[in-house]
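Below is one structure, written out as structure tokens; comments come after it.
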Amino acid sequence: MKNNYFGRAFVSRPGHLSPTRVIVASFCLVILTGTLLLMLPISTRDGQIAAVDALFTATSATCVTGLIVYDTFTKFTGFGQAVILMLIQVGGLGLVTLTTFFNLALRKKLGFKRMLLASESISLDEAAGTKKLLYLVMQTSFGFELAGAAALAAVFVPKFGVGGIWMSIFTAVSAFCNAGFDIFGFLEQYGSLTSFVNNWYVLGIVGGLIVCGGLGFIVWQDLFAFRRRKKLTLHTKLVLTVTAILILGGAAAIGAMEWNNPDTMGTLSVPSKILSSLFQSITCRTAGFNSIDQASMHSITKLICTLLMFIGAAPGGTGGGVKVSTFTIILLTVAAVLRGREDPVLRERRIDRKTVYRALAIVTLGIGVLICTTLFMVFDTPVPGGRIDDNLVDCLFEAASAFGTVGLSVGITAQIGGLVKVITSLTMLIGRVGPVSMGISLAARANELSRREVLPEARIVVG
């Protein structure tokens with residue numbers, strides 16, 4: 001038997017489904033498998049978990065989000081934690097990416113359609129360079145994760161003993177995949193990295209892994225080839241520049257708002273305040289770890305974090321959000337309209353209109369998903385003695401965390417009911433695969449969307 005069912009269903013016969021539909025289906029399969037595994041008595045310390053909570057946890061792990069209904073360490077056994085880590089790794093890299101790589105590693109011949117499917121899964125525009133990029137994806141991912149685990153073990157093993165090895169591996173994988181799951185509940189339930197708020201070493205390594213995973217593998221391929229080519233592509237320059245601006249700008253804004261807040265940074269030393277500001281800005285890039293109490297932040301800070309979470313990381317990486325390149329293209333399009341240009345321009349290069357349309361679609365659909373999820377949370381979350389919209393900012397924060405596959409929480413997730421948990425799970429899935437990709441996969445005639453039709457021009461007044 002040359003291929004098993006798994007390979008036949010998702011790799012060997014992609015012609016029966018569009019690549020986008022196959023990718024969405026692969027995520028759904030992983031989520032379903034993870035849900036069933038987490039429902040096994042061996043997965044939880046008390047031997048039981050509700051189906052909707054198992055589904056929510058599996059979706060959050062597979063979509064590398066980090067929102068939780070139970071503290072990971074307190075609720076799940078070592079087996080359950082291993083299942084969650086497996087879901088994070090598979091979800092971070094993508095099931096299609098992993099299966100295609102292992103087929104290549106076994107020296108199996110892959111046809112053009114299979115390579116096209118793989119290129120779609122790693123956000124590559126063409127199938128020609130897919131094989132080379134797939135190898136780089138695996139080498140870069142495992143390389144960073146192993147290096148991060150080794151660096152963290154230098155702190156965790158002396159502090160926590162042999163168990164520190166598992167903590168190091170779990171944290172490193174979760175950080176590079178931008179998942180935000182942690183197993184430090186024995187220190188403080190739902191505390192994430194608050195116990196290390198003054199530790200530059202730990203937060204520096206975790207923050208570095210988050211950024212490395214969020215830059216995207218296309219950027220890493222370009223950076224690794226820089227010594228040979230002596231130049232970077234326009235995409236890489238854009239991602240690096242905007243990422244730096246968002247991290248530093250976000251840190252400055254968050255630090256300014258929370259500097260004297262006694263419930264977050266007010267009692268910290270100046271170096272620790274700077275560290276917390278930087279880490280909070282980095283983790284909003286879709287990671288989900290936190291070193292300060294998210295619920296105690298000022299409302300304006302939560303709105304700043306919401307914007308950072310909505311923008312997210314770079315394409316082709318482990319992060320979510322609408323992506324930094326999409327956000328930049330929208331800004332450039334607005335600037336072009338204000339200047340009277342027909343097309344946006346970046347460094348004296350015109351941006352293709354298809355790219356602009358896709359960026360507009362992504363942001364518009366993203367805002368729509370964000371609004372809908374927020375409204376469901378607002379009406380489902382009890383507000384004792386207050387108006388129904390008193391927690392609007394918190395629900396918006398939580399919804400952005402779900403859509404951006406971030407995982408930061410101000411406590412709303414712990415209060416929502418079963419229906420909204422399912423809706424939030426769908427939001428996480430949309431955020432992971434992309435709103436446009438999800439829309440195309442659900443369209444009745446997805447394979448005909450690219451067909452051009454000759455129609456009379458419409459004259460509509462705007463503005």
Side-chain angles (χ1 to χ4, degrees), residues 23-35 38 51-70 72 83-95 174 177-181 213-214 283-289 294 305-306 308-313 317-323 362 365-377 380 395-410 412-439 441-442:
I23 292 170
V24 173
S26 69
F27 273 96
C28 292
L29 175 62
V30 175
I31 290 170
L32 177 61
T33 303
T35 301
L38 291 177
V52 67
D53 292 333
L55 172 66
F56 188 93
T57 303
T59 305
S60 183
T62 305
C63 297
V64 290
T65 304
L67 286 176
I68 54 175
V69 290
Y70 294 108
T72 305
V83 170
I84 291 174
L85 187 64
M86 176 196 69
L87 295 175
I88 291 171
Q89 186 72 86
V90 173
L93 299 182
L95 182 63
S174 182
C177 290
N178 280 217
F181 278 83
T283 198
C284 283
R285 307 299 314 292
T286 80
F289 291 100
Q294 303 297 288
C305 293
T306 297
L308 292 174
M309 290 189 292
F310 183 76
I311 296 172
T318 58
V322 297
K323 305 297 189 293
I362 290 171
L365 291 172
I367 292 174
V369 171
L370 186 62
I371 292 174
C372 291
T373 307
T374 300
L375 292 177
F376 274 108
M377 287 184 174
D380 190 66
C395 290
L396 178 63
F397 181 98
E398 208 88 357
S401 182
F403 173 75
T405 67
V406 181
L408 292 175
S409 177
V410 291
I412 297 297
T413 299
Q415 303 178 53
I416 58 178
L419 175 61
V420 181
K421 285 178 183 177
V422 173
I423 293 171
T424 305
S425 296
L426 179 60
T427 300
M428 289 188 285
L429 179 60
I430 293 173
R432 181 66 184 97
V433 302
V436 170
S437 297
M438 177 63 78
S441 69
L442 297 176

Just wondering, more than 12 heavy atoms not from Tyr70 lying within 6.0 Å of its OH?
yes
Taking it one step at a time, do Val30 and Leu87 satisfy side-chain contact (heavy atoms from CB on, under 4.5 Å)?
CA-CA 7 Å; Val30 175; Leu87 295 175; 3.6 Å; yes
Quick one, Ile84 and Thr72 - any side-chain contact, counting heavy atoms below 4.5 Å?
yes
Taking all heavy atoms of Ser174 and all of Phe289, pick out the closest pair and write down the distance.
OG-CZ, 3.5 Å
Of all heavy-atom pairs linking Gly34 and Ala58, the shortest is C-CB, 3.8 Å
Rounded to the nearest 0.5 Å, what separates atom CD1 in Ile416 from atom CG in Asp380?
7.0 Å
Closest approach of Ala313 to Gly214 (non-hydrogen atoms, all atoms of both residues)
CB-O, 3.3 Å
After noting the C-alpha distance and the side-chain angles of Met428 and Ser60, does the key distance pass the side-chain contact (heavy atoms from CB on, under 4.5 Å) rule?
CA-CA 7 Å; Met428 289 188 285; Ser60 183; 3.9 Å; yes
Exactly one of Thr59, Thr65, Thr373 clears side chain to side chain donor-acceptor pair (under 3.5 Å) with Thr427, and that residue is Thr373
Working for side-chain contact (heavy atoms from CB on, under 4.5 Å), residues Leu67 and Phe56
CA-CA 8 Å; Leu67 286 176; Phe56 188 93; 4.0 Å; yes
Is the shortest heavy-atom distance from the side chain of Asn178 to the side chain of Thr405 under 4.5 Å?
no
Any side-chain hydrogen bond (donor to acceptor under 3.5 Å, both in side chains) involving residues 415-425? Give me the pairs, sequence neighbours left out, ordered by first then second residue.
Asp53-Lys421
Could you list the residues that satisfy ring-ring contact (aromatic ring centres under 6.0 Å, His included) with Phe310, not counting sequence neighbours?
Phe403
Given Ile371, which partner from the list Thr374, Val369, Ile367 fulfils the side-chain contact (heavy atoms from CB on, under 4.5 Å) test?
Ile367
Straight-line distance of Leu375 CG to Leu396 CG, nearest 0.5 Å
10.0 Å
For Cys177 against Gln89, the heavy-atom pair lying closest together
SG-NE2, 3.8 Å
State, yes or no, whether a side-chain contact exists between Val52 and Val422 at a heavy-atom distance under 4.5 Å.
yes
Does the side chain of Phe397 come within less than 4.5 Å of Leu408's, by heavy atoms?
yes
Closest approach of Gly407 and Ser401, non-hydrogen atoms and distance?
N-OG, 2.8 Å
Just verifying a value: how many Å separate Ile430 CD1 and Leu370 CG, rounded to the nearest 0.5 Å?
11.5 Å
Could you pull out the closest heavy-atom pair between Val406 and Cys284, with the gap in Å?
CG2-O, 4.1 Å
Ile31 CD1 to Leu38 CG distance, which is reported to the nearest 0.5 Å
11.5 Å
Counting distance only, does the side-chain N/O of Arg432 pair as donor-acceptor with the main-chain N or O of Phe27 below 3.5 Å?
no
When rounded to the nearest 0.5 Å, the distance separating CD of Gln294 from OG of Ser409 is 8.5 Å
Got a second to check how far Ile311's CD1 is from Thr306's OG1, nearest 0.5 Å?
11.0 Å
Applying side-chain contact (heavy atoms from CB on, under 4.5 Å) to Cys28 and not counting sequence neighbours gives Val24, Leu429
Ile68 versus Thr57: any side-chain heavy-atom pair under 4.5 Å?
no
